[in-house]
Protein chains: 2
Amino acid sequence: MQVGADRLAAKLNSFVQLTEQELDCLTRLQSRPSSVKVGHALVQEGQTGHKAFILQAGWACSFKIMRDGSRQIIGFPIPGDCIGLRSVLLRTSDHSFAALTEATVSGVDASRMMAIFTEFPRLAAAILWAASREEAMVVEHLVNIGRRNALERTANFFLELGERLRLVGMASDTAYACPLNQYVLADALGLSAIHVNRVLRQLRERGLMTLKGGQVVIHDVAALERLGGFEQQDHMDRV
Amino acid sequence: MQVGADRLAAKLNSFVQLTEQELDCLTRLQSRPSSVKVGHALVQEGQTGHKAFILQAGWACSFKIMRDGSRQIIGFPIPGDCIGLRSVLLRTSDHSFAALTEATVSGVDASRMMAIFTEFPRLAAAILWAASREEAMVVEHLVNIGRRNALERTANFFLELGERLRLVGMASDTAYACPLNQYVLADALGLSAIHVNRVLRQLRERGLMTLKGGQVVIHDVAALERLGGFEQQDHMDRV
DNA sequence: CGACGCTTTGACACAACTCAACAACCGTGG
DNA sequence: CCACGGTTGTTGAGTTGTGTCAAAGCGTCG
């Protein structure tokens, strides 16, 4: 498998230039890609099987269900991202994953994963780096929910998402496909679905952005960034 | 330095039994502990120096300042926790750290940290494990803010904090020292300081818990756990 | 004593939630 | 082809939770 065919290899390769051997190891680490149906769970909270996946295509989300039935979505892995990496290290997974669209994933064997640490330390560092980026995203999400009102929060969310998608070539500067409905958005943003609707309307009426038919179009990037308190990320974090 | 003297070693040792050599490596990794004054920043957001610290004693918090001056507190590292581990991997730190009480920390040299990956892979795995636990805490925090109201959120927060403190012997089953004032709590919980006050009063009047003079006393553990939607963590996550 | 940091309280405003109903869309099957 | 049900989006009215502003109480420290 060459770089490019495997999303994980492509991502890690942007951190440290990987050798032939390391690329080969990554290939062997992953099982043959398999397809997942919409709504199907990948990892269940509390599950103790040490399974992790790499999302190769499609959309998914990680979330936690509360006792009252409501849920909080933690994040939306996009192609190249790890799913359930933590459940390999911590014995039980602390949250669940589900596919939001038809998706393809490749499984990662936990024991082989641990073996990497002894055989390919540079690869291990790269994985820690990827995990760090993921954690940084959760932190951003936390700040967004904790300290911004519904309008700012939503604006920030779509900018952040667009930024990530652009890095993997799934978005242009002002538009991208986004299959998230208002219920999903509500659970991600810590709002009610109805309020999400009102917020989207306001964003539309203000001429900032539109979400329609699974397509996000940003009409006024500058104004949206101002509203969402968005700051261009620095991606020069190669060691 | 024996296990016990060094908080980090003590923590990692609970994940994998560390060898003499590994313990020795951890000791050499850390600089001589130094003391930090209240309110003093350890890591500034955007700072590019690859510095990390291990908190050995005292209280600190990690936070992000918004453009409008408000702040969101991400978490409260307690002794044994890493501070700014991510700023070693991602080149710039994405948030800041400050001491909340007189604290002592030992610095960690970034280049030596990277060297661990090649020399002591088991140690690297242990560090990744510690980072995973930290991320799990952020996720809990996110869920708490996103999907619980002020009362439940506060209840959950103090239970969670107590749980962590108990693991390092800084809390009994029903009480612990907690130097966080209402402004700090507000910034952590995504509330206003005034509302935190109201919530604390309600918790007190309902006979659930009291925060007074830097001391948390839980009067009715069961009821508080029910209110906060708190579930006992599983700590059997040793590999 | 006054100054300061932190807590407490009340009155009011506003953001976000809930409930209820309806409209648009889309695939399915008659 | 149209009727249908299910899903998703839209809107309004009323309620509740939380923020804001203003002021006072309290303890500590200089």
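Quick note on labels: first sequence line is chain A, next is B, and so on, each numbered from 1.
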Legend entry - Residue pairs passing the side chain to side chain donor-acceptor pair (under 3.5 Å) test where at least one lies in residues 58-79 of chain B, sequence neighbours excluded: A:E140-B:K64, B:E45-B:K64, B:D68-B:S70, B:R71-B:D187

Inset, instruction - Would you check if A:V217 and A:M209 make a side-chain contact, meaning some heavy-atom pair closer than 4.5 Å? - result: no

Inset, instruction - Answer yes when A:K11 and A:D81 have at least one side-chain N-carboxylate O distance shorter than 4.0 Å, and no when they do not. - result: yes

Inset, instruction - Answer yes if the side chains of A:R86 and A:H95 hold a donor-acceptor pair under 3.5 Å, and no otherwise. - result: yes

Legend entry - Residues which pass side-chain hydrogen bond (donor to acceptor under 3.5 Å, both in side chains) with A:N156, listed by chain and number, not counting sequence neighbours: none

Inset, instruction - Just jot down the side chain to side chain contact (heavy atoms under 4.5 Å, CB included) partners of B:S34, sequence neighbours excluded, or say none. - result: B:V105

Legend entry - Segment of DNA chain D, first to last nucleotide, that comes within the 4.0 Å heavy-atom reach of chain A: D:dT8 to D:dA13

Inset, instruction - Give a yes or no answer on whether the side chain of B:R147 reaches the backbone of A:L191 with a donor-acceptor pair at less than 3.5 Å. - result: yes

Inset, instruction - List the steps and the verdict of side chain to side chain contact (heavy atoms under 4.5 Å, CB included) for A:L100 and A:V38. - result: CA-CA 5 Å; A:L100 292 173; A:V38 178; over 6 Å; no

Inset, instruction - Measure the spacing between CG of B:L189 and CD1 of B:I73 and express it to the nearest 0.5 Å. - result: 9.0 Å

Inset, instruction - Return the residues of residues 144-152 of chain A meeting this criterion: a heavy atom under 4.0 Å from some atom of DNA chain C. Order them by number, or give none. - result: A:N149, A:A150

Inset, instruction - Check each residue of residues 59-78 of chain B for a non-hydrogen atom within less than 4.0 Å of any atom in DNA chain D, then write out the ones that pass by number, or none. - result: none

Legend entry - For A:A98, all residues meeting side chain to side chain contact (heavy atoms under 4.5 Å, CB included), sequence neighbours excluded: A:F63

Inset, instruction - Compute the bend angle of the helix from C:dC1-D:dG30 to C:dG30-D:dC1 from the end axes (five pairs per end), rounded to 10°. - result: 20°

Legend entry - B:S172 side chain vs B:T174 backbone, donor-acceptor pair below 3.5 Å: yes

Legend entry - Side-chain heavy atoms of B:V143 within contact of A:I74, under 4.5 Å: yes

Legend entry - Near-strand residues of residues 192-214 of chain B, defined as heavy-atom separation under 4.0 angstrom from DNA chain D: B:S192, B:I194, B:H195, B:R198

Legend entry - Heavy-atom check, side chain of B:V168 versus side chain of B:R7, under 4.5 Å: yes

Inset, instruction - Please confirm whether the backbone N or O of B:L208 pairs with a side-chain atom of B:D220, one donor and one acceptor, at under 3.5 Å? - result: no

Inset, instruction - List in numerical order all residues of residues 180-188 of chain B for which some heavy atom is under 4.0 Å away from an atom belonging to DNA chain C. - result: B:N181, B:Q182, B:Y183

Legend entry - Qualifying ring-ring contact (aromatic ring centres under 6.0 Å, His included) pairs, either residue in residues 138-189 of chain A, two or more places apart: A:F76-A:F157

Inset, instruction - Indicate yes or no for a side-chain donor-acceptor contact from B:E225 to the backbone of B:A222 under 3.5 Å, with no hydrogens or angles considered. - result: no

Legend entry - For A:S106, side-chain hydrogen bond (donor to acceptor under 3.5 Å, both in side chains) partners two or more places apart: A:Q30, A:Q56

